[in-house]
2 protein chains.
Amino acid sequence: MTNSSPDKDQDLKPYHLDSQVGFILRRASQRHLSIFSEAVTELTATQFAVLAKLCERGTLSQNALGRETAMDAATIKGVVDRLVIRNLLTTKRDQFDKRRTNVDLSPMGRALFARLESQAKAITEQTLAPLSTAEQAVFLELLGKLV
Amino acid sequence: MTNSSPDKDQDLKPYHLDSQVGFILRRASQRHLSIFSEAVTELTATQFAVLAKLCERGTLSQNALGRETAMDAATIKGVVDRLVIRNLLTTKRDQFDKRRTNVDLSPMGRALFARLESQAKAITEQTLAPLSTAEQAVFLELLGKLV
DNA sequence: TAAAATTCATTCGTATACAAACGGATTTTG
DNA sequence: CAAAATCCGTTTGTATACGAATGAATTTTA
């Protein structure tokens with residue numbers, strides 16, 4: 001007899017890109033980045049994340065900063081380099097561990113972050129605006145489990 | 001008297017990167033992409049999305065394909081070019097609208113997609129695995145509102 | 001129908017993003 | 001303590017990602 005139970009090697013349901021979580025995550029990120037760049041022209045969201053983390057944590061080695069902001073060593077290097085060129089960050093060789101380069105906010109970087117902080121909060125709100133307050137809490141809780 | 005109501009220009013609560021939805025979305029995407037590349041070595045997630053969409057929709061103009069896969073014209077061009085070089089896609093000038101380049105799966109592309117389809121479904125499941133079935137449904141519904 | 005607006009694909013420039021490999025510094029371990 | 005393992009920052013190469021500008025083709029509109 002024909003079995004209607006789940007297939008072994010092949011699912012009868014076709015693959016629909018639009019319902020795959022990875023694709024929807026990418027589109028949600030795209031929308032957020034679009035909201036961000038609309039509201040903030042001075043920095044990218046990635047660059048802002050670096051300023052925010054340094055403001056929160058103070059001086060960090062370059063690689064540690066990368067870990068805190070979810071960027072690998074090659075990526076954080078480029079981001080830091082560009083921010084140093086713009087005088088938003090300072091770097092200094094660690095005097096005890098000669099491998100490390102310590103990164104910190106410059107006065108300009110600190111001032112820029114202070115100026116953008118409330119806008120950044122508004123961007124978070126705008127990103128979540130399609131959800132009710134209750135839905136936002138549920139969403140953030142579940143999203144947090146997926147990291 | 002001192003007012004404890006919400007601030008006008010400044011929120012007393014400090015900005016914590018780790019609780020911003022944009023940052024968590026990025027990390028969730030990173031995790032998904034890591035799961036993907038662990039399971040599928042032949043293609044990137046982006047490239048697979050192109051194959052999937054063409055399998056689903058058939059021939060599309062290059063720009064239309066970009067819209068369906070959430071890539072702008074410049075991005076989809078690079079992705080298509082690389083897949084054409086690998087003989088996974090074919091391109092042909094539209095005979096009626098001379099602006100358009102129509103893109104379709106090659107036999108090799110179709111075969112590769114067929115071979116990877118079940119793995120792709122498993123990747124989606126693995127990405128959502130930290131959530132219960134009920135949570136997954138809630139999460140996808142809310143995430144869908146944020147695109 | 002002619003001008004204006006739009007669409008299409010392309011190119012250029014900049015910015016993530018990450019794997020892999022490297023040399024130097026530090027820490028761990030046998 | 002010396003070898004092994006790890007960590008640090010850097011470089012190279014490839015792949016998205018997108019704004020802006022371009023020229024050619026098509027559609028809209030006045």
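Below, each value reflects all heavy atoms present in this structure, side chains not excepted, and no hydrogens, waters or symmetry copies. Chain identifiers are assigned alphabetically (A, B, ...) following the order of the sequence lines, protein sequences preceding nucleic acid strands; residue numbering begins at 1 within each chain. From a predicted model like this one, the values you see are computed outputs, not experimental measurements.
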Looking at the side chain of A:Ala74, which of C:dC8, D:dT11, C:dT10 is the nearest nucleotide?
-> D:dT11
Do any side-chain nitrogens or oxygens of A:Arg26 fall under 4.0 Å of OP1 or OP2 in D:dT16?
-> no
At under 4.0 Å between heavy atoms, what does A:Thr75 touch on the DNA or RNA strands: base, sugar-phosphate, or nothing?
-> base
B:Lys53/A:Asp18 ion pair, N-O < 4.0 Å | yes
Out of C:dA15, D:dA25, C:dT10, minimum distance to the side chain of B:Arg99 belongs to D:dA25
Of all the nucleotides listed (C:dT26, D:dT10, D:dA20), which has the minimum atom distance to the side chain of A:Lys98?
-> C:dT26
Think A:Thr44 has a side-chain N or O under 4.0 angstrom from the OP1 or OP2 of C:dT16?
-> yes
If you check every side-chain atom of B:Arg67, which of C:dC8, C:dT16, D:dC8 has the closest atom?
-> C:dC8
Before accepting this row, confirm whether a basic side-chain N of the pair B:Glu125/B:Lys121 lies closer than 4.0 Å to the acidic partner's carboxylate O.
-> no
Of the listed C:dT10, D:dT10, C:dC8, the closest approach to the B:Gln62 side chain comes from C:dT10
Per atom distances to the A:Asp72 side chain, the nearest of C:dT10, C:dA19, D:dG19 is C:dA19
Interatomic distance where CZ belongs to A:Arg93 and P belongs to D:dC7 [whole Å] | 18 Å
Please determine, for the side chain of B:Thr46, which listed nucleotide (C:dA19, D:dT16, D:dG9) has the closest atom?
-> D:dT16
Which is true for B:Ser37 with a 4.0 Å heavy-atom rule: it touches a base, it touches only sugar-phosphate, or it touches nothing?
-> nothing
With nearest nucleotides of DNA chain C determined for A:Arg86 and A:Asp97 from heavy-atom distances, which residue corresponds to the more 5′ nucleotide?
-> A:Arg86
Please check if any side-chain donor atom of B:Thr101 sits under 3.5 Å from a side-chain acceptor atom of B:Gln62, or the reverse.
-> no
